[in-house]
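Input: a single structure, listed below in structure tokens.
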There are 2 protein chains.
Amino acid sequence: MVTNRKEKEQRREEILAAALDRFAAKGLHATTITEIARTAGISQGLLYHYFRSKEELFTALIGDALVKMNQAASGLESLPVPPDEKIRIAIVELLKTLHEETFSRTVMLIAQANLSEGTPEEAKEVLRRESGEPYAVIARIMAAGQKEGSIFDQESPDVLSMLFWTTIKGLAMQRVTNRESFKVPHPESLLRLFIRR
Amino acid sequence: MVTNRKEKEQRREEILAAALDRFAAKGLHATTITEIARTAGISQGLLYHYFRSKEELFTALIGDALVKMNQAASGLESLPVPPDEKIRIAIVELLKTLHEETFSRTVMLIAQANLSEGTPEEAKEVLRRESGEPYAVIARIMAAGQKEGSIFDQESPDVLSMLFWTTIKGLAMQRVTNRESFKVPHPESLLRLFIRR
DNA sequence: GTCTATATCCAGATAGAC
DNA sequence: GTCTATCTGGATATAGAC
């Protein structure tokens, strides 16, 4: 039973975790409220005590995910190291987190949400507002690296940033859909895309 | 009105194209039969004259897509050029087809179907049977290239093949979700991942 | 706060007229 | 072959007991 405020908050988190699990596996529309409730170990009716609708649940998850991504991105940008080293660190860290179930699921969730049609309007709104930053951060780092000569310069910073993120996204999807057989590449292999040699 | 056999076949194709359009944009479950019918310009009831169910439609699309992919893959393998050149050609061609709406949609469709939960069982069956080949083809080419020294050899052929396809998949998704702003990278940029230098 | 039972709605699928 | 009208099932959301 959940009575005080802290426990209520915790139950909310449990529901969110269950929802992330199911949404990442099946997508928004294929996932039923009943299934989320079952995963969270509660009755279907109770879920409505914590969230008004399935869409609100989805939107909350998207919001959380983007906040975390933006924090990570701005943390990266403020590191006191040269641009190419920032990219190296970013790749190392992202490949590490690929092992964590939660991270891969979050990437999937955002990827799905970006298939804008069929995504709740409020979720799209959040995406529009917040999702540009990680791209912009990497693009700025790439630009700085090109200026000082450490980053590959036959491609614009924008395109490099897009390549960076699409590669990570592709790997995360692979990770989610092929849990058993998935092998993480070495950071150095991916770095070859961006570092000038 | 559709009377003879050829016209019937054509109408089937129209419905398949409409379904691919909608499934790629919204996914299997978020897409309604009504919507597909409207996109194809026919009534909802008529669709059942051509396909038994939404799932059959989906499975047919997956089947078509995999057949085409496998044809392309085996065509690539039999080209009379060295391995690194095969990879080059594959990248050039794939980046070209990225411009075609249909190709990107097809990639999306397969990516979605791979989120196995929520995918119809027959579609999963087809995927299991047929989807390994493109990976295997690229892995074999990578292995041959490593043997003769033209391909990057600090990563196994399997991982290189996975990197190859996840990169393409990531770009296709980007293409579908950001039609307006999407810029295709130069083939040489991607080649850097695989070619030994 | 939590559950069970139920109302409501909507999409998939069918039937039948033309 | 094609359409409109209808049946049916399942999922969201609500109501009400505990």
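The sequence lines fix the lettering, A, B, ..., with proteins before strands; numbering per chain opens at 1. Atoms considered below: every heavy atom in the structure, side chains included; atoms not considered: hydrogens, waters and symmetry mates.
- For the pair B:E56 CD and C:dT14 P, the interatomic distance rounds to 11 Å; values are reported in whole Å.
- Few gaps surround CZ on A:R128; more than 12 heavy atoms of other groups in view lie less than 6.0 Å from it.
- Regarding B:L28, its CG atom lies at a distance of 12 Å from the C1' atom of C:dG12, rounded to whole Å.
- Protein atom CG of B:L47 is 10 Å distant from nucleotide atom P of C:dA13, rounded to whole Å.
- Residue A:Y48 places no side-chain N or O under 4.0 Å from the OP1 or OP2 atom of C:dT2.
- Between the P atom of C:dC9 and the CD atom of A:E55 lies a distance of 17 Å, rounded to the nearest Å.
- Atom CD1 of A:I15 is separated from atom P of C:dG1 by 11 Å (rounded to the nearest Å).
- Summarising the geometry, the separation between CD1 on B:I36 and P on C:dG12 is reported as 8 Å, rounded to the nearest angstrom.
- Going from atom CD of A:Q10 over to atom C1' of C:dT2 covers 17 Å, rounded to whole Å.
- Considering only side-chain atoms of B:L46, the nucleotide from C:dT2, D:dA5, D:dC3 that sits closest is D:dC3.
- Nucleotide D:dG10 holds its P atom 13 Å from the NE2 atom of B:H29, rounded to whole Å.
- Distance check: A:L79 CG to A:E85 CD gives 9.0 Å after rounding to the nearest 0.5 Å.
- For B:K54, counting side-chain heavy atoms from C-beta on, the closest listed nucleotide (D:dG1, C:dG12, D:dC3) is C:dG12.
- Ring geometry, A:F23 versus A:F58: the interplanar angle exceeds 60°, so the pair is classed perpendicular (tilted spans 30 to 60°).
- Distances were taken from every side-chain heavy atom of A:T34 (C-beta onward) to each of D:dT12, D:dC3, D:dG1; the shortest belongs to D:dT12.
- Backbone-only engagement by A:T32 is indicated by non-hydrogen atom pairs under 4.0 Å involving sugar-phosphate atoms exclusively.
- In the model, A:E55 has no side-chain atom that pairs as donor or acceptor with a side-chain atom of A:S53 under 3.5 Å.
- An OP1 or OP2 oxygen of C:dT2 is reached within less than 4.0 angstrom by a side-chain nitrogen or oxygen of A:R11.
- The listed nucleotides are C:dA13, C:dG1, C:dC3; the one nearest the side chain of A:I42 is C:dC3.
- Applying the side chain to side chain contact (heavy atoms under 4.5 Å, CB included) test to A:T102 and every residue at least two apart in sequence or in another chain returns A:L20, A:T106.
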